[in-house]
Number of protein chains: 2
Amino acid sequence: MSWIDQFPGLSRLPDGIRSYLVGESKIVTVPANTVIFGPGKSPENLLLLLDGTVRVQQTSDTGREIVLYRVHAGESCVLTTACLLAYEDYSAEGIAETETRAVAIPRKVFDKLVSDSIEFRQFVFTAYSKRITDLFMVIEEIAFQKLDIRLAHKLIELAGGEETVAATHQKLAVELGTAREVISRQLQEFQRRGWIEQSRGTIRLIERAPLEKLAQS
Amino acid sequence: MSWIDQFPGLSRLPDGIRSYLVGESKIVTVPANTVIFGPGKSPENLLLLLDGTVRVQQTSDTGREIVLYRVHAGESCVLTTACLLAYEDYSAEGIAETETRAVAIPRKVFDKLVSDSIEFRQFVFTAYSKRITDLFMVIEEIAFQKLDIRLAHKLIELAGGEETVAATHQKLAVELGTAREVISRQLQEFQRRGWIEQSRGTIRLIERAPLEKLAQS
DNA sequence: TGCGCTTCAGTGACGAAGTCACCAAACATC
DNA sequence: GATGTTTGGTGACTTCGTCACTGAAGCGCA
């Protein structure tokens with residue numbers, strides 16, 4: 001079984017293309033917290049993530065940060081390549097959040113695949129679309145949504161199935177592109193209502209129902 | 001002379017590709033204020049703008065709006081196609097701001113061109129990159145920049161070489177994704193400082209220098 | 001010319017969010 | 001245990017967004 005099977009969009013590649021792709025790309029592993037791309041550091045490869053997640057975020061000159069989106073296992077890092085491929089000086093950076101395994105496809109191979117395979121083209125354009133809608137959603141959120149709603153949403157997302165979220169107030173602030181104090185105060189309000197309990201670096205969700213209700217209002 | 005010469009990125013297309021593109025696409029004209037794409041209205045063609053501008057904006061459920069970016073003459077509407085091509089239900093819409101002439105490339109032709117021509121591929125991916133960096137910049141602005149700075153910036157941009165800007169406070173609010181009252185107050189402050197003069201529907205820039213200084217601080 | 005209608009802009013009060021400066025626990029380490 | 005670093009808490013203040021109005025400017029039309 002090849003890594004290709006981890007990517008639904010690539011499963012229908014014809015055999016020739018498929019073996020070409022497998023032959024010409026290689027698997028790389030990067031440790032946690034590696035900066036994969038960023039100002040002045042453009043990747044020469046298209047990355048397909050096998051394991052781990054990559055966080056893409058932006059830093060303002062005033063030092064505040066915001067998480068734009070994440071690339072998860074089974075997804076590709078198209079924007080990365082495209083952005084840096086053509087346009088230049090902005091400060092977004094991609095960071096491996098955990099140890100990350102990925103398939104690296106050299107630019108030339110990428111180009112040939114786009115040229116030769118309609119399936120690969122579809123894979124690429126679909127990935128683009130997804131990222132762009134992600135960005136649209138980020139814009140809608142920061143421009144129009146109230147912070148308590150966004151925070152509730154983020155807590156549930158980060159918790160996943162777990163009961164607790166391991167994150168400092170500062171990290172949550174970066175997730176939402178706001179200031180640490182704002183998060184602190186909002187979490188206190190949640191705590192006052194008995195929805196969460198806090199301890200240094202972790203948040204325990206006690207009453208999930210009202211949080212979820214708030215999140216989708 | 002063909003319309004192709006209006007697109008620098010396409011000038012290097014080989015003759016065969018070039019004539020194929022010209023032959024298979026057609027020129028369309030839409031009147032001002034036409035909704036070119038939007039919720040439930042996805043375009044079957046890739047558009048290359050010959051004349052006019054298309055404004056892409058998003059509306060929140062609470063009724064507030066924000067302008068995401070504009071497509072100008074000589075640019076292509078790639079995101080449009082890609083987004084709606086694959087991903088579904090979000091509320092961005094594209095509106096012709098003026099009467100607009102554009103070249104419409106059917107999806108099949110688009111696909112064949114991407115397959116056959118490295119120049120066309122480069123054109124497409126470059127256009128993508130530009131849009132995405134635009135979106136990154138929008139996010140950075142709304143998340144981190146103060147409103148007076150953004151407004152000063154927008155006024156100068158809208159003025160162009162002219163002395164006056166023809167826009168209502170409401171329009172400016174949509175440009176910046178904020179509320180009308182906020183714009184009104186900020187413009188009053190500019191007026192108080194003697195930088196602008198206002199009359200119904202127009203703003204006259206009197207002191208450009210301090211506005212520009214504020215805009216890039 | 002005067003009457004209504006619509007669109008645009010101004011205002012005050014208030015709540016929500018961001019900023020600044022500073023303090024106090026909790027943890028890490030030596 | 002002394003010390004330094006992270007993390008979180010707090011108050012004062014500014015900016016921004018919201019709501020509910022008011023009033024003025026332009027337009028159509030009898």
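So you know, we letter chains A, B, ... as the sequences are listed, proteins then strands, and number each from 1. From a predicted model like this one, the values you see are computed outputs, not experimental measurements.
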* To do: List the atom of A:Ala127, the atom of A:Ser76, and the distance in Å for their closest heavy-atom pair.
  => CB-OG, 3.5 Å

* Asked: Going by atom types alone, do B:Ser199 and B:Thr202 pair a side-chain donor with an acceptor below 3.5 Å?
  -> yes

* Mind calculating the distance between CZ (B:Phe190) and C1' (C:dA9) to the nearest angstrom? => 17 Å

* Quick one, which residues of residues 59-66 of chain A touch DNA chain D with a heavy atom under 4.0 Å? -> none

* Looking only at heavy atoms, what is the nearest atom pair of B:Ala96 and B:Pro31, with distance? -> CB-O, 3.9 Å

* Could you tell me whether B:Glu175 and B:Arg55 make a salt bridge, using a distance below 4.0 angstrom between a side-chain N and a carboxylate O? => no

* A:Gln170 CD - C:dT19 P separation (whole Å) -> 12 Å

* Structure fact -> Under a 4.0 Å heavy-atom criterion, DNA chain D is touched by chain B from D:dT15 to D:dG26

* **Validation row: B:Leu151, B:Phe190 side chains within 4.5 angstrom (heavy atoms)** => yes

* How long is the line joining CD of B:Gln186 and C1' of C:dA9, in whole Å? -> 16 Å

* To the nearest angstrom, how far is A:Glu181 atom CD from C:dA21 atom C1'? -> 10 Å

* To do: For B:Gln188 and C:dC8, give me the distance from atom CD to atom C1', rounded to whole Å.
  => 13 Å

* Pick the nucleotide of DNA chain D nearest each of A:Ala143 and A:Thr202; which residue has the one closer to the 5' end? -> A:Thr202

Can you check nucleotides 13-16 of chain C for protein contacts, nitrogen or oxygen pairs under 3.5 Å, and list what you find?
none

* Under 4.0 Å between a side-chain N/O of A:Thr178 and OP1 or OP2 of C:dG18, yes or no? -> yes

* To do: Kindly determine whether B:Glu162 and B:Arg204 satisfy salt bridge (charged side-chain N to carboxylate O under 4.0 Å, His left out), including the steps that lead there.
  => CA-CA 9 Å; B:Glu162 305 298 311; B:Arg204 174 183 305 274; over 6 Å; no

* **Non-neighbouring partners of A:Ala159 that pass side-chain contact (heavy atoms from CB on, under 4.5 Å), sequence neighbours left out** => A:Val165, A:Leu205, A:Arg208

* Would a 4.5 Å heavy-atom cut-off, applied to side chains only, mark B:Ile156 and B:Leu211 as touching? -> yes

Under 3.5 Å, which N/O atoms of the protein pair with N/O atoms of nucleotides 23-30 of chain C?
from: C:dA26; atom 1: N3; to: A:Arg200; atom 2: NH1; distance (Å): 3.4

* Only counting residues at least two apart or in another chain, list the ones meeting salt bridge (Lys or Arg N to Asp or Glu O under 4.0 Å) with A:Arg193. => A:Glu189

* Asked: Separation of A:Ile142 atom CD1 from C:dG18 atom C1', in whole Å?
  -> 14 Å

* Going by atom types alone, do A:Gln216 and A:His153 pair a side-chain donor with an acceptor below 3.5 Å? -> no

* Asked: Between B:Ser184 and B:His169, is a side chain to side chain donor-acceptor pair (under 3.5 Å) present by the stated rule, with each step listed?
  -> CA-CA 6 Å; B:Ser184 292; B:His169 295 187; 2.8 Å; yes

* Distance from B:His72 atom NE2 to B:Asp51 atom CG, nearest 0.5 Å? -> 13.5 Å

* What is the distance from atom OG of B:Ser217 to atom NZ of B:Lys146, rounded to the nearest 0.5 Å? -> 9.5 Å

* Does B:Ser199 or A:Val182 map to a spot on DNA chain C nearer the 5' end, using the closest nucleotide for each? -> B:Ser199

* Structure fact -> Only residue of B:Asp111, B:Val114, B:Val78 satisfying side-chain contact (heavy atoms from CB on, under 4.5 Å) with B:Leu46 is B:Val78

